[in-house]
Structure formats: structure tokens, C-alpha cells
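No hydrogens, no waters, no symmetry mates; every other heavy atom, side chains included, goes into these values.
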Amino acid sequence: MFDEISSIFLDFDGTITKQDTVNSFFKIFAKPEWINVEQEWINGKISSCTCMQLQLDLIDNLTEEKFYNFLNSIQIQDGFIKFCTLAEQNNKNIAVISDGFDYFIEYILKKENINTPFFANKLDFLKENGFLKFKLSFPNTDNACPLSLGSCKCAKVKNLTAEDEKFLFAGDGLSDRCIASKAHLLFAKNSLKNHCVKNGMNFSEFNDFNDILNRLSLKKGMKNAGFKTENTIGS
């Protein structure tokens, strides 16, 4: 039941945002080879850290104006602000844990006046001859991460929760698979949903945060709320 949950952890790209911000960034600004690099990571041939830095290196001639126009175009999912407000009112801790870029997350949340804490890979950039160059570092990496993520979601959740603490997680992609298996309440879509179905994992499907609010009977408030039904595969 939801009232047993004290913490909520959320993926960012494609979960809080309406599109995968990082992939959209590469689609628009990187050389076409970025998708080949992505497939190397999906196939387990390179780590997430290596993948993203190689993809950033494929970006040429990106001006600061185009960079911020892109970030300003990113929209958050319907219902997310209400979800955060209700969680805060009912003493549920929320944190974003992402294998994406901290600068993207900070900028997008700030423009929406959202103060949710977040953990992600650190993106730095500078100008060379009027164009942006990018460098990643990984403050949340963990050598034991089974997915070789730049930002290990399992390790971060372990650090942020007490032993045996129950938590809710919502996500949509490959980087969410490990932490999804540990969540007490799980919301999944896209490739994470397919992974859950394939592996017989209990979850509830969602498209936006209104779906999560409805599933948890939270449309009119969060007090004493629980699932309308138990976690249901593909429901």
C-alpha cells in the first residue's frame, strides 16, 4: 500500500519529461554515428559513461543560443507538478535519479519552478571558437553497478534510504532495470515496461503523472491512499 512508502525515486528523461531529453539532444545536434554508439551500450559492449562521452564528442558547431533554445523546448509530463506537491504535503521524500545530465535537469526543473532534488552525471561545457564543447564526470558511479551506469541508481537509493525502507520508482528505460527490481511500487513504460513483462515483474503502466495519481487514488489528495488495484502487469 502507498501509505507504507516513505520515499519516491524518479527517472528523468522520458519519465518526467515528455521526450528523452538526452536522445533528442543527440538526434538534433550530434553526427549520425551517435546511434551506433548507443547501440554499443545497449549491447553491453561499452559502459554508459563511455557511451555518453563519445556521443558528446560527436557534436560540432553547436552555439549557445541553439543549446538553450533546445532546453527551453523541453516539456515536463502532465501531472508532475501536482504529484510533487501532493507528495510534499504528505511527507513523501522525492528525488530524481538519472543517468542523464545534471545541467539539463537543473535547467528544466528550474524553469518549471520545481525544487525536487536530483542526482545525475555532471555536464560541463565551454566555448571554443564560438561553439560549445562538452565534458562529463560521474559523481554517482559505482564499480559494482551491474549495468555499468554513470549514475548508479541502486547505489544512490541505498544511500538515501534506511534498510528495508519501501519506496516507489517510476521509469522508462534501460538504466532503470536494476532499481526497478528493488522497488516496492513500480511504474513503468516504454522499454522498461517491455522488460518487466518479459521478466514477469509486477508493475503499473503509465504515460504521465496523471496516470500515477489515478492509480494511487491521489487525484483528490494523498491521505490514506493506496492502489486502486494491486500492481498489475501491463494494466
Quick one: side chains of residues 108-118, donor-acceptor pairs under 3.5 Å with protein atoms, not counting sequence neighbours, listed by atom name and distance.
unit_1, atom_1, unit_2, atom_2, d
Lys111, NZ, Ile74, O, 2.8

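Heavy atoms from other residues, nucleotides or ligands lying under 6.0 Å from CD of Glu106 number 12 at most. Annotation: Asn143, atom CG; neighbour count of heavy atoms from other residues, nucleotides and ligands within 6.0 Å does not exceed 12. Within 6.0 Å of NZ in Lys158 there are 12 or fewer heavy atoms belonging to other residues, nucleotides or ligands.
Contact between Lys189 and Thr15 at its shortest, heavy atoms only, is CE-CA, 4.3 Å. Gln77 and Lys18 make their closest contact through NE2-CA, 3.5 Å (heavy atoms, listed as atom of the first residue, atom of the second, distance). Here the shortest heavy-atom pairing between Cys154 and Ile179 reads SG-N, 3.5 Å. Across every non-hydrogen atom of Ala180 and Phe169, the tightest pair is CA-CD2, 4.5 Å. Contact between Lys122 and Pro139 at its shortest, heavy atoms only, is N-CD, 4.0 Å. Taking each heavy atom of Ile42 and Leu174 in turn, the nearest pair found is CA-CD2, 4.1 Å.
Put simply, the side chain of Lys135 never gets that close to the backbone of Asp124: no donor and acceptor are under 3.5 Å apart. In this structure, Lys193 contributes its side chain and Phe203 its backbone to no donor-acceptor pair below 3.5 Å. At least one donor-acceptor pair closer than 3.5 Å links the side chain of Lys92 to the backbone N or O of Ile5. Of the possible polar contacts, one joining the Thr17 side chain to the Gly14 backbone as a donor-acceptor pair under 3.5 Å is found. When atom types are taken as modelled, the side chain of Asn190 and the backbone of Leu192 share no donor-acceptor pair closer than 3.5 angstrom. Here the side chain of Glu40 pairs no donor or acceptor atom with the backbone of Lys45 at under 3.5 angstrom. Listed for the Asn36 side chain is no donor-acceptor partner under 3.5 Å among the backbone atoms of Gln39.
Using modelled atom types and a 3.5 Å distance limit, the side chains of Asn121 and Ser151 yield no donor-acceptor pair.
Side-chain rings of Phe134 and Phe101 stay apart, their centers remaining 6.0 Å or farther from each other.
A heavy-atom distance below 4.5 Å is not found between the side chains of Leu54 and Trp34.
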Step by step, work out the side-chain contact (heavy atoms from CB on, under 4.5 Å) result for Ile81 and Phe209. CA-CA 9 Å; Ile81 293 176; Phe209 282 84; over 6 Å; no
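Relative orientation of the Phe67 and Phe104 rings is tilted, given thresholds of 30° and 60° on the angle between their planes.
To the nearest 0.5 angstrom, Leu185 atom CG is 8.5 Å from Glu4 atom CD.
Within the structure, salt bridge (Lys or Arg N to Asp or Glu O under 4.0 Å) contacts touching residues 167-183 (residues at least two apart or in different chains) are Lys153-Asp176.
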